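Atoms within a ligand are numbered from 1 in the order they appear, just like the ligands themselves. Index from 1, following the sequence. In this text, all values refer to a predicted model and were calculated from it rather than measured experimentally.
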Amino acid sequence: MKQLGILLSGRGSNFAAIAENISNGRIPARISIVISNRPEALGIEHARKLGLNSLVIPSKGKVREQHDAEVIAALREANVDLICLAGYMRLLSPAFIRAFPHRILNIHPSLLPAFPGLDAQKQAFEHGVKVSGCTVHFVDEFLDHGSIIVQRSVPVLDSDDDHTLAARILEQEHIAYTEAINLVLSGDFEISDRRVLRKSTLAGNRAL
Ligand code: GRF
């Protein structure tokens with residue numbers, strides 16, 4: 001059984017959706033550790049309630065490399081195969097990325113490369129886009145930048161404000177993260193330049 005490590009800083013609804021989809025059999029994996037850098041994160045409370053191995057590693061007052069080293073050690077100890085950032089409000093150091101090559105995923109609430117960074121839904125809304133959505137991508141050392149695994153689009157309605165838009169994007173995030181985790185765990189992908197491609201589709205095309 002593949003093992004997931006979850007990193008979060010806040011509410012934890014993406015983590016909760018992943019945990020739910022594990023228990024209903026939609027993700028063939030188990031969560032071996034949940035780590036929060038903030039003691040007050042609702043997500044870590046939820047992880048405790050679910051009886052999961054939960055750890056707070058505070059980032060406050062620590063230099064990035066030191067904090068990352070502690071998180072890396074905990075993830076290694078928990079034997080994780082894949083790390084899911086789920087509202088983890090920290091940029092990872094290059095050493096962190098190198099420790100888990102192509103084994104760290106992030107979810108972002110916009111159709112990247114549009115609107116990276118904080119408050120992506122608000123940025124998109126205020127820009128006046130007609131379609132936004134969410135992106136699950138591999139993490140590299142740049143913010144919201146690595147190869148895209150799954151995107152789901154969401155129309156922006158005339159009746160929307162940035163909150164209603166964010167709520168509809170969040171519903172799609174919960175679906176997209178499961179799709180991306182399953183693709184990566186299946187190993188049925190290859191990366192060509194920046195493009196994440198399904199090996200089975202490519203093999204099918206070659207056979208035609
Ligand atoms: C989500 O919108 C996610 O895309 C972004 O941070 C938010 C986390 O929400 N990276 P939650 O903590 O998973 O509810």
| request: May I ask you to check if ligand 1 and L170 share an N or O to N or O distance below 3.5 Å? | output: no
| message | Checking I191 against F138 for the side chain to side chain contact (heavy atoms under 4.5 Å, CB included) test, could you report, in this order, the C-alpha distance in whole Å, the side-chain angles of both residues, the deciding distance, and whether it holds? | response | CA-CA 11 Å; I191 302 180; F138 285 109; 3.9 Å; yes
| message | Taking distance alone, with N or O pairs closer than 3.5 Å, would you say S13 contacts ligand 1? | response | yes
| request: Write out the residue and atom name of the closest protein heavy atom to atom 3 (C) of ligand 1, then the distance separating them to 0.1 Å. | output: E173 OE1, 3.2 Å
| request: Name the closest protein heavy atom to atom 8 (C) of ligand 1, giving the residue it belongs to and the distance to 0.1 Å. | output: G87 CA, 3.6 Å
| request: Determine whether the aromatic ring centres of Y177 and F15 lie less than 6.0 Å apart. | output: no
| task | Check the pair Q3 / D81 against side-chain hydrogen bond (donor to acceptor under 3.5 Å, both in side chains), numbers first and verdict last. | result | CA-CA 5 Å; Q3 311 222 87; D81 296 293; 5.4 Å; no
| Please state which protein non-hydrogen atom is closest to atom 9 (O) of ligand 1 and give its distance, to 0.1 Å? | R11 NH2, 3.1 Å
| So is G12 close enough to ligand 1, meaning a heavy atom under 4.0 angstrom away? | yes
| query | Without hydrogens or angle criteria, can the side chains of Q151 and T135 be said to hold a donor-acceptor pair below 3.5 Å? | reply | yes
| request: Consider only side-chain N and O atoms of D162 and Q121, and report whether a donor and an acceptor are under 3.5 Å apart. | output: no
| query | Quick one: do R195 and E190 make a salt bridge, cutoff under 4.0 Å? | reply | no
| query | When only distance counts, is I107 in polar contact with ligand 1, meaning an N/O pair under 3.5 Å? | reply | yes
| If you count the atoms of ligand 1 from 1 in the order shown, which ones are under 4.0 Å from a heavy atom of P109? | 2 (O), 4 (O), 5 (C)
